[in-house]
Every structure is written in C-alpha cells, then in structure tokens.
Visitor: 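One structure follows; several queries about it will come next.
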Amino acid sequence: MVKAPRGFRNRTRKLLKKKVRSRGALPKLSVLLREYSVGDKVAIKIDPSFHEGMPHRRYHGLTGVVIGKRGEAYEVEVYLGDKKKTLFVPPLHLRPLES
C-alpha cells in the first residue's frame, strides 16, 4: 500500500487555486507596498504563485492582528482554537480588514 502524502502543501489543490483569469498575473503594487501598523486587523489570504514566506494552509482565511514587523514580513497573532499562534507573513499573503 502507498502512504498518503504528508508534504507542506498536501490537499491544497482546490484551496490554493487562483481564478483562471488571474493566473500568471503579477500581484498589484498596492498589495506589495501596503504598510500595516501595529494593531491592524488582517486576513490571511495565501497567494499560491509566491511560495516564499507562505504560511501553512491551516491559516488560510483566518483573521489576525499585526503585532510587529520583522524584516519585510509582519508578525501576525492568530488564534487557532484556543491557542495563540504568532506567524511571520509577508504582505503578499495579507489583506486588510475593515474595522
């Protein structure tokens, strides 16, 4: 018998799929150059065409709070169940929330 894959991106074929018309397109500069300040609420939306700094698929769609910046990436605090997790995510995989 063959064992199921246990890689970092296993079972992500549907979750991390872009729309057909946006495939191959570079991200907008407004997404790349957006600055977040401490206390901003952000949504983690993984861009599958950029693998560097990509968070794990379990965090896709979660909401977090920016608690700092480390290099080019932001420190985002997310609750996973009742546990508090700190992720280091580049702005390419983040979207601002209105609140």
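Keep in mind that this is a model prediction, so the values were computed, not measured.
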Visitor: With Tyr79, which residues qualify under ring-ring contact (aromatic ring centres under 6.0 Å, His included), at least two apart?
Guide: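 In terms of ring-ring contact (aromatic ring centres under 6.0 Å, His included), with neighbours along the sequence ignored, Tyr79 is linked to no residue.
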Visitor: How close do Glu72 and Lys69 get, counting heavy atoms only, and between which atoms?
Guide: O-CE, 4.1 Å
Visitor: Checking Glu52 now: which residues fulfil side-chain hydrogen bond (donor to acceptor under 3.5 Å, both in side chains) with it, not counting sequence neighbours?
Guide: none
Visitor: Is a side-chain donor or acceptor of Arg11 paired with a backbone partner of Pro5 at a separation under 3.5 angstrom?
Guide: no
Visitor: About how many Å separate NZ of Lys28 and CG of Leu33, when rounded to the nearest 0.5 Å?
Guide: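 If I round to the nearest 0.5 Å, the distance is 13.5 Å.
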Visitor: What is the minimum heavy-atom distance between Ile44 and Pro55, and which atoms define it?
Guide: CG2-CG, 3.9 Å
Visitor: Shortest non-hydrogen contact from Gly53 to Pro90?
Guide: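 Closest approach of Gly53 to Pro90: O-CD, 3.2 Å.
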Visitor: Salt bridge check, Glu77 against Lys41: does any charged N sit closer than 4.0 Å to a carboxylate O?
Guide: no
Visitor: Taking all non-hydrogen atoms of both residues, which atom of His60 and which atom of Ile46 are closest, and how far apart?
Guide: ND1-N, 3.1 Å
Visitor: Any heavy-atom pair between the side chains of Leu87 and Val78 that's under 4.5 Å?
Guide: yes
Visitor: If you look at every heavy atom in His93 and Val89, which pair is closest and at what distance?
Guide: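 Scanning both residues, the minimum pair turns out to be CB-CG1, 3.6 Å.
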Visitor: How many angstroms lie between CZ in Arg95 and CG in Leu92, if you round to the nearest 0.5 Å?
Guide: 7.0 Å
Visitor: Any side-chain donor paired with an acceptor under 3.5 Å for His56 and Arg9?
Guide: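 Not at all, the side chains of His56 and Arg9 share no donor-acceptor pair under 3.5 Å.
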Visitor: Should Tyr74 and Glu35 count as side-chain neighbours, where that means a heavy-atom distance under 4.5 Å?
Guide: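 Yes, their side chains come closer than 4.5 Å.
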Visitor: Which distance, rounded to the nearest 0.5 Å, do you find between the CD1 of Ile67 and the NZ of Lys84?
Guide: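 Ile67 atom CD1 to Lys84 atom NZ measures 8.5 Å (nearest 0.5 Å).
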Visitor: Any chance you could lay out the side chain to side chain contact (heavy atoms under 4.5 Å, CB included) test for Val42 and Thr63, step after step, and finish with the verdict?
Guide: CA-CA 6 Å; Val42 292; Thr63 302; over 6 Å; no
Visitor: Does Phe50 belong to the same Ile/Leu/Val/Met/Phe/Trp/Tyr cluster as Tyr59, with side-chain heavy atoms less than 4.5 Å apart forming each link?
Guide: no
Visitor: For the NZ atom of Lys45 and the CG atom of Leu62, what is their distance to the nearest 0.5 Å?
Guide: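 Result: 14.5 Å between the selected atoms.
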Visitor: Let me confirm one number: the CE-NE2 distance from Met54 to His51, rounded to the nearest 0.5 Å.
Guide: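 Taking CE in Met54 and NE2 in His51, the distance rounds to 5.0 Å.
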Visitor: Considering residues at least two apart in sequence or located in another chain, which fulfil the salt bridge (charged side-chain N to carboxylate O under 4.0 Å, His left out) criterion with Lys85?
Guide: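 Lys85: no salt bridge (charged side-chain N to carboxylate O under 4.0 Å, His left out) contacts found.
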Visitor: Please determine whether residues Val76 and Val65 belong to a single hydrophobic cluster, defined as Ile, Leu, Val, Met, Phe, Trp and Tyr linked transitively by side-chain heavy-atom distances below 4.5 Å.
Guide: no
Visitor: Report the distance from atom CG of Leu32 to atom CG of Leu26, rounding to the nearest 0.5 Å.
Guide: 8.5 Å
Visitor: For the residue pair Tyr36 and Pro96, what are the closest heavy atoms and their distance?
Guide: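 Scanning both residues completely, I find the closest heavy atoms to be OH-CD, 3.6 Å.
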